[in-house]
Colleague: 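Okay, handing you the structure first.
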Protein chains: 6
Amino acid sequence: MRILVTNCNTTEAMTKEIETGARAAASPGTEIVARTPKWGPESAEGWLDSFLSAAAVLDLLRTTEETFDAVVLAGFGEHGREGARELLDVPVVDITEAAAHLAGLLGRRYGVVTTLDRTCGLIEDSLHSAGVDRNCVAVVGTGLSVLELRDEERTESALLTAGLRARDAGAEVLVLGCAGMTGLDRKMSAMLDVPVVDGVAAAVRLAESLVALGLRTSRAGSYARPLEKHRAWPGA
Amino acid sequence: MRILVTNCNTTEAMTKEIETGARAAASPGTEIVARTPKWGPESAEGWLDSFLSAAAVLDLLRTTEETFDAVVLAGFGEHGREGARELLDVPVVDITEAAAHLAGLLGRRYGVVTTLDRTCGLIEDSLHSAGVDRNCVAVVGTGLSVLELRDEERTESALLTAGLRARDAGAEVLVLGCAGMTGLDRKMSAMLDVPVVDGVAAAVRLAESLVALGLRTSRAGSYARPLEKHRAWPGA
Amino acid sequence: MRILVTNCNTTEAMTKEIETGARAAASPGTEIVARTPKWGPESAEGWLDSFLSAAAVLDLLRTTEETFDAVVLAGFGEHGREGARELLDVPVVDITEAAAHLAGLLGRRYGVVTTLDRTCGLIEDSLHSAGVDRNCVAVVGTGLSVLELRDEERTESALLTAGLRARDAGAEVLVLGCAGMTGLDRKMSAMLDVPVVDGVAAAVRLAESLVALGLRTSRAGSYARPLEKHRAWPGA
Amino acid sequence: MRILVTNCNTTEAMTKEIETGARAAASPGTEIVARTPKWGPESAEGWLDSFLSAAAVLDLLRTTEETFDAVVLAGFGEHGREGARELLDVPVVDITEAAAHLAGLLGRRYGVVTTLDRTCGLIEDSLHSAGVDRNCVAVVGTGLSVLELRDEERTESALLTAGLRARDAGAEVLVLGCAGMTGLDRKMSAMLDVPVVDGVAAAVRLAESLVALGLRTSRAGSYARPLEKHRAWPGA
Amino acid sequence: MRILVTNCNTTEAMTKEIETGARAAASPGTEIVARTPKWGPESAEGWLDSFLSAAAVLDLLRTTEETFDAVVLAGFGEHGREGARELLDVPVVDITEAAAHLAGLLGRRYGVVTTLDRTCGLIEDSLHSAGVDRNCVAVVGTGLSVLELRDEERTESALLTAGLRARDAGAEVLVLGCAGMTGLDRKMSAMLDVPVVDGVAAAVRLAESLVALGLRTSRAGSYARPLEKHRAWPGA
Amino acid sequence: MRILVTNCNTTEAMTKEIETGARAAASPGTEIVARTPKWGPESAEGWLDSFLSAAAVLDLLRTTEETFDAVVLAGFGEHGREGARELLDVPVVDITEAAAHLAGLLGRRYGVVTTLDRTCGLIEDSLHSAGVDRNCVAVVGTGLSVLELRDEERTESALLTAGLRARDAGAEVLVLGCAGMTGLDRKMSAMLDVPVVDGVAAAVRLAESLVALGLRTSRAGSYARPLEKHRAWPGA
C-alpha cells in the first residue's frame, strides 16, 4: 500500500519530519511518500496562509503523476480536506480529524495544544466541520510559531504549559495540534500522564484502515467528482 | 466611499452582473469597483473550486494597487472571508453572511435557495462559521449550475420550486444563494410573497454601514495582521 | 427617510441621548425622531421592567399618528421586538440584534458589556432568539444601573473592567449593552484596542439599509399581521 | 395551600375553564383561585398579544391583595414568567414548562399541539428559555384560534390531525399547547394511545410540590427582587 | 398510593436514609417502600458500578412481587432509568432528572454538587438524555466518596466549597447530586442562600403527581414493553 | 496482536458471525478471539436488554483469564463501553462509535440503518456520548429483530428501504447498525452506490491502530481505574 502524505507548507525540512513520523506509524507493508507543495506559505499560521496552502496542496494533488492508495493531509487545522475528497478517488484523511477520532476512543473529553493562538479558530472550525468537536473541551495555543518548534526545549516547556491548561479544562486526552512533532507525543504523555495523539500517526493508520476495508469517499452528494469546467490553475 | 467587489470566479460577464447589482444597491455617494480574479475556476461549485477561488481572490486583494474603503466578497458560500480580514485594514463583508444578517431582521426563520446541491454543504458551513446559522431552516439546491443561471426562464422556475421547499421547511424569508442574480430577488419575492434578500445588495449596504460608523476588523485574536514570512504566491 | 427610535423607559434625558446617538449615526438624508413611552419603568433592569416596557413601547407604536419608514427599538436586551414586527408594516430593528450583527462582521467572537448582572440573562435570551448568539462568548455586567451611567468616570472604569473580562473570554469585538452610551464606544475602543459597537448606531444603519433595499418584515408565519380582536389596552 | 391561577387573557369563560381544570388536578387540601387580568387581549395569539398579556398579568399579580402559596401562569407559550418570579416571593410555575417537565418523564421525545401556527414560535422560545426544549421534536399548530376551541368537535378533529403529525416526527408523548382544554387530554390520549399532558394540571401539581418541599425561587442572580424605582403602571 | 424507592447500591444503611428522606417528602397518603438490590456495588461511583447497578436494580424490579403505583430510582446519575420504563407499567422517576426538573422552576441556571469527580460525566450524560441539561452550568465534584458522606462535618464543608464553585459558574439553584443526603439540602440552602433541591424528595413528589394525574409511561416508541425472549438473568 | 471481541448477547451463532467478520477485517498478524457472555439476553433490543447485556459483558471481561491487546465490544448502540474502559488496561473500541468514526472520513453526513425502531434511541444516545453524532442525519429502523437478520432476503430488502430513507435525509455514507451482518455492507454499498461501514470491521481496525501506536485509555478523569470496593457480582 502506498500513502501520499502532503505537507501544507513549503518547508522541506518539515516535510522530512512528517515523513519520518508517518513511517514510524505505518504498518510494515505500507510505503510512505511525503511531498511538499510547489508554492504556498513557508508555514501555515492563520486563514490567509491556510487558504493559500489549500490551493497549493490541491494543485500538488491534481498534478502528481504517481498513484497512491490513500492521501494524508498533514496540515493541522488547515483547509483543503473536502476539495481533496472531490478530486481524488482514493481515501483522504486529514490529520486534524484523525487525531480527534482516535482521541475520542481514549477518554471522554480531549483537548488540543497547538502553535500560535491565531490558529485556534481554524482548528475549532475544522473539528466542527469534521463532526468531532463535541467532546473537545479546549484548543490551547502555546504562542510558538510553526518554525519555532525546532527549538525542542522551548517547545516542550510551552507544550507542557498548554497541556496543563487543557487538563484544567477537563481534557483527559491531548492532541498535538501541529504536524512535524514526531516524538513529542510520547514525551508529553510521560510528563502529563495522559494519552497524547499525534495527527500524522493517527491519519496514517486511519488511511490504512480505510484502504484495507475497501472504503472510499462517497460520491453521493458533497464530494461528487468535480464538474468538468475551465479552471485556470496558477502558473499552469 | 469606494467599495471593491470581487467576483469569486473568472467569468467576466458575471463580474459585470455583480457590479450592476452592487451599484443598484449602493448609496448615492458610493463608488463600486468590481474585479475578476486573474486565475481560478470559471464558476465555483464545490470545495475544490472554492479553495482555488479563495486563493485567487486573496491574490487579487494583495496585489491590487488601488485603495478602497471596504471590500465585498461576492461568492456565495465560498471560502476566503477570514483570510481577507487578516490581509486588509478595511472592512470585509462576504455576501453569504450579509444576506443572512439582513434576513434575520425580517423573519424568525430564513432559508437559502442556491445552485447545485453540491454547494449546499459549503453554504451551511459558511453560515455556521459566520455565526448566523441558528435561524436558517433550509439550504435548498435548484440543480442549476452557476452558468446556467443565464437562462432566466429556467432559473425562475427552479428558484420558485426551491423557494417553496424552503417555505415548507419553515422559512419566512428567503436568501438568494448565488451572486449575479440581480433582479431575481424582486421577482421571486412577488411570486412567493416573502422578502427575498440578495447577498450582493446586502453586503454593499453592510460595508457602507461599517465604514460610516468607523468600524474596522478587529486585530485582536483571529484576524491579526498576517505574520511576515515567505509566501510563494503562484506565478509571482 | 424618517426613522422612529423608541426609548424603552420613561426617562426623557435618556431619550435625548439616544436621539443624539442615532442622529450621529444616520445618513445625511435620514430624519431621526425619538420618542418616550407614556408609561413604564424609568429604567429597564430585569424581566419585570422589560415586560412592562415591551407593552408600553407597543402601546406607543400603535398609537403614534406619524408615519415612519422604519423603527429602531432602543432597549438593549428588552422585550417587544417580535410584537413590533407584527404590528408595523415598516422594518423594525432592535439595538440588541443590530449590534450583534455588525459585531459578527468584525471578528470571530464578540462579547457584550452591560449594566447590572441581572440583565445578562435577558440579553442572552434576546441574542438567542435573534439567531446571533453563536459567536457571543460573554455577556458581562458592570454592576452599574442604567441611570448610574450618567456618571461618566465611574462608567468608563466599570466598562473597562468588564471589557477586559470579555476579552479574556475570547471576545475580539465588544458590544455596548445599553442604549444611551453615545461616545463611549470610541473611548472604549481606544482603551481596549478592539472595535466597539454601539447598538443604536448599528440599528439606525441597518434600518436604513432595509428601507433602501425595499425589504420589509415577512408576513408569512411568525410575524403575520395581528388578528382583529378586542385588546383592552391600559388606560384606553 | 392556596394557589393563584392567572389566565393570560380577558375572557372570563376561559378563566372558568382553567379554574375547573386546575381544581380537578389539585390535591385535596389545595384551594384554587383563578383570576382574569383587568386589561389585555381577549385571547393571546402572537407576540403582540403575548407582550400585552405579560404586562397585564404582572399588573394583576402586583395589585392583588390576597396572599397565595404559589402562582400558576395559565398562558401556553406566553411571556411573563420571569417577571413574575422577580415580583413574587412564592413559587411561580408556567403551564408551558410544567407540561414539558412532566412529558419528559413519560417518553424519550415529546411534541406539542397548539392553536394557530403563529403561536408555534412563541412556544418554541418559551421551551428553550425554560431549558426543556431538547427532547421536543415538534410544535404543531391546528389552525384553530383560541376562542374556536369552544367548538369541541372541530377541536378534537384538528387536535387529532396535529397529534398524528407530532407522532410522525417522533413524539412519544403529547402536550396540549393551550390552557382551557380540560378533558381533551384524556380524549386525545385514548384516540392516539400516548400520554397527553395538560399544562394547567401539570403546573398545579408542580406548584404544590415546590410548596410542600419548601422550595422558593432563587433570589441569587436573574430573579432577584425588582429594584425600587419609579414604574408608571398604566391606569395607576 | 404506594411508591417503591430503589437504592442503586447494596448498602442497607443508605437505603434507610433514602427511605427516611422519601417519607419526609411524601404526601400524607403516600406509602414509601425502599428496597436494596440483591447484588451490585456497595456504592456506585463510575460507569462500571453504574452498569452493574442498573442490571441489579432492573433485576430487583422484575422480581418484586409487590405492586406499586410508581417507582423512584434513587441513584444520582446512575443508569437503568429507560430500562425500568420499558419493564414497568407504572411511572418511573429517576432522582437525577427529578432534581433538575424542579431546579429549572426555581432559577434560570442550576448546578449540581456531587461526590467523586469521576461521577460528573455520568451525571452530565444522564441530564442530557433526560433533556434537562440546557440550563445546567456546572456539575462539581467534592472529592468525597459516597460512603464518606456519613462524615457530616467533612461533607458539609466539601459541599459548601463545591456549591460556591457552582455559584461562580452562574448557578442560581443547586442540586444535591447523591441520594441519602437528607437534611443537607436545608443546611446548604441556608449557608449559600440559594434553593437546594434533593433528588429523592423531588422524585417522590413528581411520581405522586404523575400518579394523581393518571399519567403513565408512553408505550409508543422507545419505551414499548420488552419483547418476549429468553433473558438469562444472573443467578436465576 | 490478540483482540477480544465480545458479543452483547448470548446467541452463539451470532458470536460466530461476528468472529468471522472480525477476522475478515483484521490485519494479517492479528488474532481474533470472540466470546459470548455467560448470561444476558439472547438479543439486545431496547434499554432493558442493553443494561442487562452491559453487566453481562463487563462480567465476562472481569472474569476472563486470557490476556488481550485490545477489546472490541460488538453490540451496536449497547451500553457498557465506558465501564470496560475503567475496568481494562487495554484499549476498548465499541462498534457503534467505530463505524461512525470511519463514516465521518468518507462523507459529510452519514446515516445508520438498524433493526427495530426501538433501538434507534439507544444508538442516538451512544453516538452522542461518543462525540460523533454531529454529522449523523438519520438513524433508521428496518422493523426487523436482531434474530430475524438470518433471513437474508428479507434483511436485504429491509435494509435497502431504510438506506434510501437515510439517503433522503442527506446521508452520503451508511453505517450498518447491528453486529453480525458480515457481507451485507458490500451488497448494500453496491445497491445504493454509497460507502457502507460495518462496525465490527471498523472497530477491529481502530483497535489495531491504537495498539500499534501505543495508545491506551486515559486514566485521568472519567476512566480512572475502578475503586477497590465490594461488588457483589451475580452468581459469584
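First the proteins, then the strands, lettered A, B, ... as listed; each starts at 1.
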Colleague: For A/Gly107, does its backbone N or O pair with a side-chain atom of F/Ser218 as donor and acceptor, under 3.5 Å?
Modeller: no
Colleague: Apply side chain to side chain contact (heavy atoms under 4.5 Å, CB included) to A/Leu102 and F/Leu213, showing your working.
Modeller: CA-CA 10 Å; A/Leu102 293 199; F/Leu213 298 177; 3.8 Å; yes
Colleague: Side chain to side chain contact (heavy atoms under 4.5 Å, CB included) between F/Arg216 and A/Leu106: does it pass, once the steps are laid out?
Modeller: CA-CA 6 Å; F/Arg216 293 180 163 232; A/Leu106 301 169; 5.6 Å; no
Colleague: Quick one: what part of A/Arg186 sits under 4.5 Å from any heavy atom of chain F, side chain, backbone, both or neither?
Modeller: side chain
Colleague: Atom CD of residue position F/Glu31 - does it have more than 12 heavy atoms of other residues, nucleotides or ligands inside 6.0 Å?
Modeller: yes
Colleague: Heavy atoms only: give me the nearest A/Glu97-F/Gly104 pair and the separation to one decimal.
Modeller: OE1-O, 4.4 Å
Colleague: Below 4.5 Å from any heavy atom of chain F, which atoms of A/Ala130 appear? Answer side chain, backbone, both or neither.
Modeller: backbone
Colleague: Considering residues, nucleotides and ligands other than F/Glu152, do more than 12 of their heavy atoms fall under 6.0 Å from its CD?
Modeller: no
Colleague: Ignoring hydrogens, what is the shortest heavy-atom contact between F/Asn135 and A/Ser129? Give both atom names and the distance.
Modeller: ND2-O, 3.4 Å
Colleague: Of the options A/Val173, A/Val196, A/Asp185, A/Val197, which is the one that meets F/Leu215 in a side chain to side chain contact (heavy atoms under 4.5 Å, CB included)?
Modeller: A/Val197
Colleague: Find the one option among F/Arg81, F/His128, F/Arg167 whose heavy-atom pairs under 4.5 Å with chain A are most numerous.
Modeller: F/His128
Colleague: Please check if atom CZ in A/Arg165 has more than 12 non-hydrogen atoms from other residues, nucleotides or ligands closer than 6.0 Å.
Modeller: no
Colleague: Where on A/Ser27 is there a heavy atom nearer than 4.5 Å to chain F: the side chain, the backbone, both, or neither?
Modeller: neither
Colleague: Are the side chain of A/Glu172 and the backbone N or O of F/Ser222 linked by a donor-acceptor pair below 3.5 Å?
Modeller: yes
Colleague: Verify side chain to side chain contact (heavy atoms under 4.5 Å, CB included) between A/Leu206 and F/Leu206, making sure each step is shown before the conclusion.
Modeller: CA-CA 8 Å; A/Leu206 284 171; F/Leu206 285 171; 3.4 Å; yes
Colleague: Do the charged groups of F/Asp133 and A/Arg134 touch, with an N to O distance under 4.0 Å?
Modeller: yes
Colleague: Please identify, among A/Ala201, A/Ala24, A/Gly221, A/Pro195, the residue contributing the most non-hydrogen atom pairs under 4.5 Å to chain F.
Modeller: A/Pro195
Colleague: Pick whichever of A/Val132, A/Leu105, A/Val93, A/Thr217 has the most heavy-atom pairs under 4.5 Å with chain F.
Modeller: A/Leu105
Colleague: With only heavy atoms counted, which part of A/Val92 is less than 4.5 Å from chain F, the side chain, the backbone, both or neither?
Modeller: backbone
